[in-house]
Amino acid sequence: MAKIVVVGANHAGTACINTILGNYGKENEVVVFDKNNNISFLGCGMALWIGKQIAGADGLFYSNKETLEAAGAKVNMEADVQSIDYDKKEVHVVLKDGRKHVEGYDKLILATGSKPIIPPIKGVELENVQFVKLFQNAQEVIDKLENPEIKRVAVVGAGYIGVELAEAFERIGKEVVLVDVAETCLSGYYDKDLTELMNKNLSDHNIKLAFGQTVTEIQGNGKVERLVTDKESFDVDMVILAVGFRPNNELGKDKLELFRNGAYVINRHQETSVKDVYAIGDCATVYDNSLGDDAINYIALASNAVRSGLVAAHNVCGKPLETIGIQGSNGICIYDLKMVSTGLTLEKALRAGYDAVVTEFSDLQKPDFIEHDNHDVTIKIVYDKNTRVVLGCQIASKEDMSMGIHMFSLAIQEKVTIERLALLDIFFLPHFNKPYNYITMAALTAK
């Protein structure tokens, strides 16, 4: 019987543990250490909780210590792993009761996730400067918002989390300013013409946009009173710092091969540069199909984390399984405006060295005679001018067209050309779409 030690039990860790126990539980002992006091918090739903769009946080959890132990794991919560001796195959940990403990292993899985980036600015230690990642972070924000004196909130960082939180605070009656050094929101996922749709959406709901500005200082006498940028200042009562995340690599940074941002470099079996040591989730790299064969990248998404956990689980138990790579598929819904993307934006494609071009098309989702629940859809397909291979796609609409992006994810993975996409078998029914739908039309009008 092999002993498998898993460090970290959130999305990647939970998927990995369940897969091991569900398929190979009789042949393996699984020991888990996690520093937190809860498992499986869906951080992507915290803005819904803060914005009171859901009743509470209970539905944001899908597993716990008891569930994993009932499946056969030995789970140690609030256990702080201090160090790992990779030569002796030992995990050194301080348990919840303060006891020091050493756990040997045959196979080790690192699922340590990521940490919020703390920008080097004056005033980050002030009261009411908040980071949001864990359940506890969201709970603290919600508790503080009970104070009627907190009326104005600045959100720093206009990525997915920042935009979602800006909406959440506005929904509960706060004055909101959204600040980012970039010239637009969501710049990592969409080209500027599509992000302008979201900018207008936010502005129309009275969220002040302060883009192209660098935060220089947070001011206040003990607690937040003002946010200062290189261009202006904002009187605020709370500052949310959502400028991004970095891999949590403290346990392996001196031993394992690292990516340029500090993530553990893994092979297609999720194994690191050290034999019998695997890394999954936000602490590890991914294979990015949109960048080419065997291109590695860092894309922190819960969906990627779960898949990496599945792959690692089979490999540590002796069944070879390779990751097929990812496209970074993602989506957002703000005040009913839905935006989804996969693969590369035009800007990213050009930066990656492709001779990239775009075909774009806008139309109603359904035939004109459908008078209700029929909205405009804008689609933008990025492809290589020479090979004609699809590199990325972005779609925006008030319609729920989200499932369409999965087809583009597969197209990138399988290197489908724009010409083949134009001949794709897409059914027509007025309840759903037009005979010449926007996907077909975008592909047919490609240069």
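Values reported hereafter were calculated over all heavy atoms of this structure, with side chains retained and with hydrogens, waters and symmetry mates removed.
- Contact check for Thr14 versus Ile39: side-chain heavy atoms found under the 4.5 Å cut-off.
- By the 4.5 Å heavy-atom criterion applied to side chains, Ser114 and Lys133 are counted as neighbours.
- Remark: Lys115 is not positioned above the aromatic ring of Phe245, lacking an NZ or CZ atom under 6.0 angstrom from the ring centre and at most 45 degrees off the axis.
- Judged as a side chain to side chain contact (heavy atoms under 4.5 Å, CB included), and not counting sequence neighbours, the contacts of Phe432 are Phe427, Leu429.
- Closest of all the heavy-atom pairs between Ser290 and Leu391 is CB-O, 3.8 Å.
- Across all non-hydrogen atoms, the minimal contact from Leu227 to Val179 is CD2-CG2, 3.9 Å.
- Lys52 pairs by the side chain to side chain contact (heavy atoms under 4.5 Å, CB included) definition with Ile172, not counting sequence neighbours.
- Looking at residues two or more places apart in sequence or on another chain, you find a side-chain hydrogen bond (donor to acceptor under 3.5 Å, both in side chains) between Asn297 and Asp288.
- Looking at heavy atoms from C-beta onward, Asp106 lies out of side-chain contact with Ile4 at the 4.5 angstrom threshold.
- Considering every non-hydrogen atom in both Ala312 and Ile280, the closest pair reads CB-CG2, 3.5 Å.
- Every residue two or more places apart in sequence or in another chain that forms a side-chain hydrogen bond (donor to acceptor under 3.5 Å, both in side chains) with Thr342 is listed here: Ser329.
- Using a 30° and 60° split on the angle between ring planes, His314 and Tyr24 fall in the perpendicular class, above 60°.
- Put simply, the side chain of Ile17 reaches to within 4.5 Å of the side chain of Leu21, judged on heavy atoms.
- Side-chain N/O atoms of Lys100 and Gln82 include no donor and acceptor closer than 3.5 Å.
- Residues meeting the ring pair (Phe, Tyr, Trp, His ring centres under 6.0 Å) test with His205, sequence neighbours left out: Tyr335.
- Residues His11 and Phe41 place their aromatic rings such that the two centres sit no closer than 6.0 Å.
- Side-chain contact between Gln136 and Asn37 is present, with heavy atoms from C-beta onward closer than 4.5 Å.
- Between Glu170 and Lys174, no side-chain nitrogen of the basic residue sits less than 4.0 Å from a carboxylate oxygen of the acidic one, so the salt-bridge criterion is not met.
- Between Tyr189 and Tyr160, the ring center distance clears the sub-6.0 Å criterion.
- Judged as a side-chain hydrogen bond (donor to acceptor under 3.5 Å, both in side chains), and not counting sequence neighbours, Asn137 has no contacts.
- Side-chain contact annotation: Ser341 with Gln394, donor-acceptor N/O pair under 3.5 Å absent.
- For the pair Val277/Glu271, no side-chain contact is recorded, criterion being any heavy-atom separation below 4.5 Å from C-beta on.
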